[in-house]
Amino acid sequence: MLETPRANRLHIALFGRRNAGKSSLINALTNQDIALVSPIPGTTTDPVYKAMEILPLGPVVLIDTAGLDDEGELGQLRVQKTREVLPKADLALLVVDATTGITSFDREIAALCRQHNLPLVGVLNKSDLADPDLAAARAVLDLPWVKVSSRTGAGIEELKQAMIEQAPQNWEPETILGDLVKPGDTVVLVVPIDSAAPKGRLILPQVQVLRDCLDHGVMAYVCREFELEQTLANLQQPPALVVTDSQAFGLVSRLVPENVPLTSFSILYARYKGDLATLAAGARAISALKPGDRVLIAEACTHHRQPDDIGRAKIPRWLNQLAGGELQYTWSSGQGYPDNLEDFKLIVHCGACMLNRRSMLHRLQQARSRQVPIVNYGVLIAAVHGILERVLKPFGL
């Protein structure tokens, strides 16, 4: 992988009315013509995600949204899609046409950003056509305001500085496992290569855990599950940690001595991207499932289904066995949950490798607010194999 994964980039969303200049501002920020610009209102329809490098911010994702004042039935659907960007963003830009000023639509999006605790920078665009008063803008909406011209580039550097100042300092955790081990320690990574493994490469969590080991001076040994016993025998001392693919938990937990800490890539990601304690509580709620209960299996992305797919086949089979009968399953793929979330007795979420931390925390909060237990694949698989407490021990849970 040569580029920073999208989930690990700072997500910056641009909101505003139609023709406020959001797409033009993206072009000015990146110094490239990457967003479609037109004087026709409503050029941007669904949110558009653009992974970019903006110095000195670094790797970011710019999210270009439809205008908040879009009209008609289709327009309202576009506005709804714009609102759904809020929980995914780490920082927001409110783009206002300086020739028309701040409107009720702008005040509405500012209020929504406050509800989501989303840092917000006000941008008075088209300052080459008008001379906006920053003090007057602050009197209407108490925000840090910057006046810019996307056409001439005036104010772009000042906007970047405001973005740096307002961007959350803790938008991404510093480490995946570096706080669990010490420099010089040995970690064994168990990576099965089966029909679901991508040909010629590792999956994203495996790559990032390996990189995290390197970043923290940890010596990583990578092996397949059937090579683990020989790998452990070759080491002069027991490893400080063994990390396995969750689907190999059964074999790996039998081979790794009880005094050696054990966890999985998915559980590391559960902590890195969200709240491991919430997912652990969800795993402990599995025992309350009864035949006929509804279970939502939520995946953040779409992928090619394997004959014995983890989400479509294995997890339903395991849960049916634990419940003592057939459960009712609903599957969702993509960025949202079904509206009837409270109808489910359990949510089983994927590992969230394609989501940023803010998105996953929002999904967890949605489940908590509806009082629906939620667990992810790795934590659930540990519970199924009866080793939940063991794999949570490295985290003090």
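The analysis underlying the following values was restricted to heavy atoms, covering all of them including side chains, and did not include hydrogens, waters or symmetry mates.
Annotation: Q237, atom CD; neighbour count of heavy atoms from other residues, nucleotides and ligands within 6.0 Å does not exceed 12. Taking a 6.0 Å sphere around CG of N234, one finds it holds more than 12 heavy atoms contributed by other residues, nucleotides or ligands. The neighbour count for Q366 CD, taken as heavy atoms of other residues, nucleotides or ligands under 6.0 Å away, is above 12. Around atom CD of Q371, no more than 12 heavy atoms belonging to other residues, nucleotides or ligands sit under 6.0 Å away.
A salt bridge between E258 and R390 is present, with a side-chain N of the basic residue lying under 4.0 Å from a carboxylate O of the acidic one. Remark: R284 engages E389 in a salt bridge, criterion side-chain N to carboxylate O under 4.0 Å.
The side-chain heavy atoms of L189 and F265, taken from C-beta on, include a pair separated by under 4.5 Å. A heavy-atom distance below 4.5 Å is not found between the side chains of Y337 and R370. Side-chain contact between I315 and I310: present, with at least one pair of heavy atoms (C-beta onward) separated by less than 4.5 Å. Residues V85 and Y49 form a side-chain contact, since some pair of their non-hydrogen atoms from C-beta on lies under 4.5 Å apart. Considering only heavy atoms from C-beta on, T278 comes within 4.5 Å of I374 through its side chain. Between L262 and T244, some side-chain heavy-atom pair lies under the 4.5 Å cut-off. In this structure, V379 and L388 have side chains that are in contact, with non-hydrogen atoms separated by less than 4.5 Å. The closest side-chain heavy-atom distance from K314 to V384 is not below 4.5 Å.
How far CZ of R363 is from CD1 of I347: 9.5 Å, rounded to the nearest 0.5 Å. Taking NE2 of H11 as the reference point, atom CG of L62 lies at 10.0 Å (rounded to 0.5 Å). In this structure, the separation between CZ on F15 and CD1 on I109 is 5.0 Å, given to the nearest 0.5 Å. Taking CG from L392 and OG1 from T263, the interatomic distance works out to 7.5 Å, rounded to the nearest 0.5 Å. Between atom CG of residue L120 and atom CG of residue L143 there is a gap of 4.5 Å, rounded to the nearest 0.5 Å. Taking CG from L91 and CD1 from I12, the interatomic distance works out to 5.5 Å, rounded to the nearest 0.5 Å.
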Cut-off 3.5 Å, no hydrogens considered: what does the side-chain donor-acceptor table look like for residues 148-155, sequence neighbours left out?
residue	atom	partner	partner atom	Å
S149	OG	D128	OD1	3.0
S149	OG	R151	N	3.4
S149	OG	T152	N	3.1
S149	OG	T152	OG1	3.1
S150	OG	L25	N	3.4
S150	OG	N125	OD1	3.1
S150	OG	N125	ND2	3.3
R151	NE	D128	OD2	2.9
R151	NH2	D128	OD2	3.2
T152	OG1	A154	N	3.3

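Looking at D133, D131, D97 one by one, the single match for salt bridge (charged side-chain N to carboxylate O under 4.0 Å, His left out) with K147 turns out to be D131.
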Check: Checking side-chain contact (heavy atoms from CB on, under 4.5 Å) for the pair R107/V140: CA distance, chi angles, key distance, verdict?
Finding: CA-CA 9 Å; R107 289 192 289 270; V140 177; 4.0 Å; yes
Next item on the list: May I have the step-by-step check of salt bridge (charged side-chain N to carboxylate O under 4.0 Å, His left out) for D64 and K22, ending in yes or no?
Entry: CA-CA 7 Å; D64 193 5; K22 299 183 293 297; 5.5 Å; no
Item checked: Criterion side-chain contact (heavy atoms from CB on, under 4.5 Å) on T65 and R83, from CA distance to verdict -> CA-CA 9 Å; T65 65; R83 288 169 176 264; over 6 Å; no
Next item on the list: Show your reasoning for whether side-chain contact (heavy atoms from CB on, under 4.5 Å) applies to L319 and V348.
Entry: CA-CA 11 Å; L319 290 179; V348 182; 4.2 Å; yes
Next item on the list: List the steps and the verdict of side-chain contact (heavy atoms from CB on, under 4.5 Å) for L268 and F395.
Entry: CA-CA 9 Å; L268 286 172; F395 311 98; 3.9 Å; yes
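Taking every heavy atom of both residues into account, L255 and L232 meet most closely at O-CD1, 3.8 Å. Counting all heavy atoms, side chain and backbone alike, C113 lies closest to A92 at SG-CB, 4.1 Å. Nearest heavy atom pair, residue L29 against residue M163, reads CD2-SD, 4.2 Å. Taking each heavy atom of L177 and R271 in turn, the nearest pair found is CA-NH2, 4.2 Å. The shortest heavy-atom contact between V188 and C223 is CG1-SG, 4.1 Å. The two atoms that bring D275 and L364 nearest to each other are N-CD1, 3.4 Å, heavy atoms only.
Looking at Y221, its side chain never comes within 3.5 Å of a backbone N or O of T231 through a donor-acceptor pair. Proximity of a side-chain donor or acceptor of W331 to a complementary backbone N or O of G311 within less than 3.5 Å is detected. A donor-acceptor pair is defined here as one N or O able to donate and one able to accept, closer than 3.5 Å; such a pair exists between the side chain of Q328 and the backbone of G292. N376 contributes no side-chain N or O that, together with a main-chain N or O of H349, makes up a donor-acceptor pair within less than 3.5 Å.
Under the 4.5 Å side-chain heavy-atom criterion for grouping Ile, Leu, Val, Met, Phe, Trp and Tyr, L129 is not connected to L159 through any hydrophobic cluster. Taken together through direct or relayed side-chain contacts under 4.5 Å among Ile, Leu, Val, Met, Phe, Trp and Tyr, V222 and F226 form parts of separate hydrophobic clusters. Neither M219 nor I176 shares a network with the other; the hydrophobic side chains, linked directly or stepwise wherever heavy atoms of I, L, V, M, F, W or Y lie under 4.5 Å apart, form separate groups for each.
Counted by atom type alone, D106 and T103 present one or more donor-acceptor pairs between their side chains at under 3.5 Å.
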